[in-house]
Amino acid sequence: MTSKAPLPVNEPVRDYAPGSAERAALEQALAAMAGEAPEIAPVIGGRCVMTGKTRAVVMPHDHRRTLAVAHLGGAPEAEAAIAAAAAAWPEWSAMPWEDRLAIFLKAAELLAGPWRDRLNAATMLGQSKTCIQAEIDAACELIDFWRFNSFDLTRLYAEQPLSPRGVWNRMEYRALEGFIFAVTPFNFTSIGGNLPTAPALLGNTVIWKPATTQLLSAWYTLQLLNEAGLPPGVINFLPGDGPAIGAPVLASPALAGVHFTGSTATFQHIWRTVGERIAKYRSYPRLVGETGGKDFIFAHPSAEPATLVTALLRGAFEYQGQKCSAASRAFIPESLWERVVEALVAEVARIPMGDPADFRNFIGAVIDEPAFERIAGYIEYARQNDGYRILAGGGADRSTGYFIEPTVIQADDPAGRLMCEEIFGPVLTLYRYPDRAVDDTLGILDRASPYALTGAVFAQDRRAIGRIAARLRHAAGNFYINDKPTGAVVGQQPFGGARASGTNDKAGSLWNLIRWASPRAIKETFAPPAGWRYPHMG
C-alpha cells in the first residue's frame with residue numbers, strides 16, 4: 001500500500017471582531033495566563049531538569065509583570081542533550097514515515113483547535129504581539145508549517161530515479177547521522193516551532209535552543225508536541241544563553257546540521273566555528289540559516305500613492321518592525337514625495353500603541369531593554385546628524401514597557417547608516433530621488449546594503465515593473481509587486497533570502513526539507529552478467 005499525506009490547505013485567519021466568540025475566548029485565555037507563572041526548564045530525553053539558574057520571563061509592554069520563571073541550561077545540560085538525541089536516534093530514524101507524519105499532523109489539529117488560544121495568548125503576552133499578529137504567527141503559520149512540511153515530505157520521498165529493463169533503481173532518504181542544532185529567534189512563535197520539527201519530520205533528532213525572550217510560547221509549543229505524541233529525546237529543549245549552549249554543541253563530533261534564524265553576526269560565528277572544526281565532525285554539517293534584512297520598498301513615479309502609503313505603514317510598523325522582512329528603507333520619487341510623506345506622517349500620528357491585550361492597539365513594545373537601547377540609539381543618531389530629519393515619531397519610553405514610537409526619517413544619503421544597517425525596530429527611513437534617476441537609484445539600492453531578503457516595487461507602468469524586477473533580481477529572495485514586503489504565507493511564498501540574509505533554503509518548502517535528508521541510491525540487478533568479457537573484445 002502506498003500512503004499519501006492529506007492535501008494541505010492554509011489555515012484560515014480569524015479576525016477577532018468585537019463581540020465574536022473567538023475574541024471572548026482569547027480574552028479569557030489572556031486573563032488566565034497573565035495570572036500564571038509556570039516554571040520553564042530544559043527538557044532532556046523527556047525529563048525536566050531544574051538547574052536553579054533562573055531568569056524571570058516578563059511582559060515587554062509591562063516589564064514589572066513576571067510571566068514565568070525559566071531555568072537556564074549550560075554545558076552539562078548540553079552534553080546530556082547530545083547523549084539523549086543519540087539515544088533516541090536509532091528508533092526515531094527507523095520509524096515508518098507515516099507514523100512520524102501523524103504526530104505533526106495531529107499537532108497541527110491540536111493547534112487549530114484546543115491549543116490555539118493558549119499559544120496565541122502566550123505570544124501576545126510574552127512577545128508583545130497584537131491579536132492578529134499572534135494569530136497569523138503562532139496559530140496559522142505554525143499549523144501551515146506542519147501540514148505543508150508533511151505533504152512535501154511525501155513529494156520528496158516520491159522523487160525516484162529511472163529503472164531500465166532488468167534493473168530496479170530507487171532512492172532511500174535517510175536521516176542525517178548525528179543531531180540537528182535548532183536555534184530559534186524571539187519574533188516568531190512559528191519559527192520556534194518549525195526549525196526543530198522540520199528536521200525531526202525526516203527522522204533526525206534535535207537540540208532546540210529557543211531565544212530567552214521567547215520562552216513562554218516555546219514552552220507551550222513543546223507541551224503541544226508532547227500531547228501530539230512526540231517521543232522523548234527526539235526534540236530536546238535547551239533554553240540558555242547562546243555561548244553557554246552553543247560552545248559544547250558545536251564542539252560535538254555528532255553535529256549533523258544547524259537550523260538557524262537570528263542575527264547575521266551569530267550565524268557567521270557558527271559558520272566560522274564549524275569551519276575551524278570541520279575535520280572533527282563525523283559528517284560535514286548542513287548549515288541552514290535565515291539572518292538579517294534591510295528590506296526595501298521602491299516607488300516608481302507611476303506608483304499609486306494611497307496603496308504605497310498603506311504598504312509603508314503595515315510593512316514597516318506591524319509588530320514594531322521586529323520582522324526580518326519589515327520595510328526599513330523606501331525610495332520615493334520627487335513627483336510623489338509631498339503627497340506620500342504628508343499622508344504617511346498623518347497616518348503614523350494615528351497609530352495606537354500599548355498593551356496588546358487592548359485589541360484597539362496596532363503595535364506593542366519592542367522585545368527587551370537591549371533592543372530598546374539599540375533602536376533608540378539609531379533614532380538619536382538621526383537626531384544628531386545633519387543628513388537626517390525626523391518626520392514623524394522619534395519618542396521612546398521604557399518606564400513601564402519598552403515602547404518606541406513608529407518613526408519616519410528622511411535621509412539625504414541613500415547609502416548612509418540608516419539606509420543600509422538593520423535596525424529591527426519601528427523605524428522607516430525614506431530617500432527622495434529625482435524621477436529621471438530611476439536606474440541610478442536602483443543601482444544604489446542594490447549595492448548599499450549587504451542583505452537580500454525581501455523587497456517590493458510599486459508602479460502602475462507594466463514596463464517599468466519588468467525593468468525594475470530584472471534590475472533587482474538578486475536584491476531579494478522574496479520580491480513583491482504592488483504589495484508590502486512582509487507576510488509570506490507557507491505554500492504560497494516560500495521564505496528566505498541570500499547574501500547576508502541567509503542560505504535561501506526557503507522555510508516551509510521542499511527546498512528546506514531536502515537539507516535534512518541523506519539520500520542513498522540503491523541499484524538492484526535482476527539478471528547480473530556471469531562473465532567479465534565485453535562484446536568488443538571478440
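Heads up: numbering here begins at 1 and tracks the sequence.
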note = Exactly one candidate in Thr213, Asp368, Leu215 meets side-chain contact (heavy atoms from CB on, under 4.5 Å) with Phe186; the answer is Thr213
query = Taking atom types as modelled, is there a side-chain donor on Thr189 or Gln127 under 3.5 Å from an acceptor on the other?
reply = yes
query = What is the ring orientation for Phe237 with Trp208, classed by angle as parallel under 30°, tilted 30 to 60°, or perpendicular over 60°?
reply = perpendicular
note = The reported gap from CZ in Arg55 to OG1 in Thr66 (rounded to nearest 0.5 angstrom) is 13.0 Å
request  = Taking the side chain as every heavy atom from C-beta outward, state whether Met124 and Cys131 have any atom pair closer than 4.5 Å.
outcome  = yes
message = To the closest 0.5 Å, what do you measure between CZ (Phe458) and NZ (Lys484)?
response = 9.5 Å
key: Heavy-atom side-chain proximity of Ile375 to Val366 below 4.5 angstrom   = yes
ask   = What distance do Ile180 atom CD1 and Ile235 atom CD1 have between them, rounded to the nearest 0.5 Å?
value = 11.5 Å
message = Would the distance check show the side chain of Thr54 and the main-chain N or O of Ala70 forming a donor-acceptor pair, the cut-off being under 3.5 Å?
response = no
request  = Please confirm whether the backbone N or O of Arg14 pairs with a side-chain atom of Glu22, one donor and one acceptor, at under 3.5 Å?
outcome  = no
Which donor-acceptor pairs under 3.5 Å do side chains of residues 401-408 form with protein atoms, sequence neighbours excluded?
unit_1, atom_1, unit_2, atom_2, d
Glu405, OE1, Gly395, N, 3.0
Thr407, OG1, Gly394, N, 2.9
Thr407, OG1, Glu405, O, 2.8

key: Over-ring placement of Lys209 relative to Phe260, 6.0 Å and 45° cut-offs   = no
key: Pair Ser217-Gln214, side-chain donor/acceptor within less than 3.5 Å   = yes
request  = Please tell me if the side chains of Thr264 and Tyr451 come closer than 4.5 Å, counting only heavy atoms from C-beta onward.
outcome  = yes
ask   = With a 4.5 Å limit on heavy-atom distance, are the side chains of Asp355 and Asp62 in contact?
value = no
query = Would you say Thr154 and Leu101 make side-chain contact, with heavy atoms under 4.5 Å?
reply = yes
ask   = What's the spacing between Met33 CE and Leu216 CG if we round to 0.5 Å?
value = 6.0 Å
ask   = Should we say atom CD1 of Ile514 is surrounded by more than 12 heavy atoms from elsewhere, each under 6.0 Å from it?
value = no
Arg23, CZ: over 12 other non-hydrogen atoms inside 6.0 angstrom = yes
message = Go through it in stages, so that I can follow the logic: the residues are Phe188 and Thr261, the test is side chain to side chain contact (heavy atoms under 4.5 Å, CB included), and I'd like the CA-CA distance, side-chain angles, deciding distance and then a yes or no.
response = CA-CA 10 Å; Phe188 279 91; Thr261 295; over 6 Å; no
query = Any Lys/Arg nitrogen of Asp137 or Lys323 sitting under 4.0 Å from an Asp/Glu carboxylate oxygen of the other?
reply = no
ask   = Taking all non-hydrogen atoms of both residues, which atom of Gly240 and which atom of Thr212 are closest, and how far apart?
value = O-CG2, 3.6 Å
query = Going by an N to O cut-off under 4.0 Å, is there a salt bridge joining Lys106 and Glu109?
reply = no
request  = Establish, yes or no, whether the cationic atom of Arg100 lies under 6.0 Å from the six-membered ring centre of Trp97 and within 45° of the ring axis.
outcome  = no
query = Looking at residues at least two apart in the chain, or sitting in another chain, which of them share a side chain to side chain contact (heavy atoms under 4.5 Å, CB included) with Ser263?
reply = Ala265, Thr266
request  = Return yes if some donor-acceptor pair links the side-chain N/O of Trp516 with the main-chain N/O of Leu176 below 3.5 Å, else return no.
outcome  = no
inquiry  = To check you understand the geometry: which heavy-atom pair defines the closest contact between Leu67 and Met59, and what is its length?
reply    = CD2-CE, 3.6 Å
ask   = Hey, is the main chain of Asn478 close enough, under 3.5 Å, to the side chain of Thr454 for a donor-acceptor pair?
value = no
message = For a 4.5 angstrom cut-off between non-hydrogen side-chain atoms, does Asn187 reach Phe424?
response = yes
message = With side-chain hydrogen bond (donor to acceptor under 3.5 Å, both in side chains) as the criterion, how do Ser325 and Asp295 come out once you've worked through the C-alpha distance, each side chain's angles and the decisive distance to 0.1 Å?
response = CA-CA 6 Å; Ser325 58; Asp295 310 297; 5.5 Å; no
inquiry  = If you compare all heavy atoms of Leu453 against all heavy atoms of Gly497, which two are closest, and at what distance to 0.1 Å?
reply    = CD1-N, 3.3 Å
task = Taking all heavy atoms of Ile245 and all of Pro239, pick out the closest pair and write down the distance.
result = CD1-O, 4.3 Å
task = Begin with the C-alpha distance, continue with both residues' side-chain angles, and end with the deciding distance and a verdict on side chain to side chain contact (heavy atoms under 4.5 Å, CB included) for Thr197 and Phe145.
result = CA-CA 9 Å; Thr197 58; Phe145 274 135; over 6 Å; no
query = If only atom types and distance count, is the side chain of Ser252 paired as donor or acceptor with the main-chain N or O of Val249 below 3.5 Å?
reply = no
query = Are the side chains of Val348 and Leu313 in touch, meaning some heavy atoms are under 4.5 Å apart?
reply = yes
query = Quick check: does any side chain N or O of Glu39 sit under 3.5 Å from a backbone N or O of Val69, one acting as donor and the other as acceptor?
reply = no
remark   = Shortest non-hydrogen pair, Val490 vs Glu141, comes out as CG2-CG, 3.9 Å
query = Is it true that atom CD of Glu373 has more than 12 heavy atoms of other residues, nucleotides or ligands lying nearer than 6.0 Å?
reply = yes
key: Charged N-O contact under 4.0 Å between Arg116 and Glu135   = yes
inquiry  = Walk me through whether Glu77 and Ile44 qualify under side chain to side chain contact (heavy atoms under 4.5 Å, CB included).
reply    = CA-CA 8 Å; Glu77 290 73 33; Ile44 301 170; 3.9 Å; yes
request  = Starting at CZ of Phe362, measure out to CD1 of Ile132 and round the result to the nearest 0.5 Å.
outcome  = 11.0 Å
inquiry  = Is the shortest side-chain heavy-atom distance between Leu225 and Trp146 below 4.5 Å?
reply    = yes
inquiry  = Under 3.5 Å, is there a donor on one side chain and an acceptor on the other for Glu421 and Tyr378?
reply    = yes
request  = Drop me the distance from Ser150's OG to Ile103's CD1, to the nearest 0.5 angstrom.
outcome  = 10.5 Å
Salt bridge Asp241-Lys53, side-chain N to carboxylate O under 4.0 Å = no
ask   = Are the side chain of Arg286 and the backbone N or O of Ala517 linked by a donor-acceptor pair below 3.5 Å?
value = yes
ask   = So with a 6.0 Å cut-off around NE2 of His63, is the heavy-atom count from everything else above 12?
value = yes
task = Give the intermediate values and the outcome of side chain to side chain contact (heavy atoms under 4.5 Å, CB included) for residues Asn504 and Trp511.
result = CA-CA 9 Å; Asn504 203 18; Trp511 304 109; over 6 Å; no
query = Which residues satisfy the ring pair (Phe, Tyr, Trp, His ring centres under 6.0 Å) test with Tyr220, sequence neighbours excluded?
reply = none
request  = Determine the minimum heavy-atom distance between Arg329 and Met419, stating which atoms define it.
outcome  = CD-O, 3.2 Å
ask   = Would a distance-only check, ignoring hydrogens and angles, find a side-chain to backbone donor-acceptor pair under 3.5 Å from Thr291 to Ala500?
value = yes
ask   = Quick check: does any side chain N or O of Lys294 sit under 3.5 Å from a backbone N or O of Leu418, one acting as donor and the other as acceptor?
value = yes
key: Under 3.5 Å: donor-acceptor pair, side chain of Asp144, backbone of Glu11   = yes
task = Scan side-chain atoms only and decide if Asn194 and Asn149 contain a donor-acceptor pair under the 3.5 Å cut-off.
result = yes
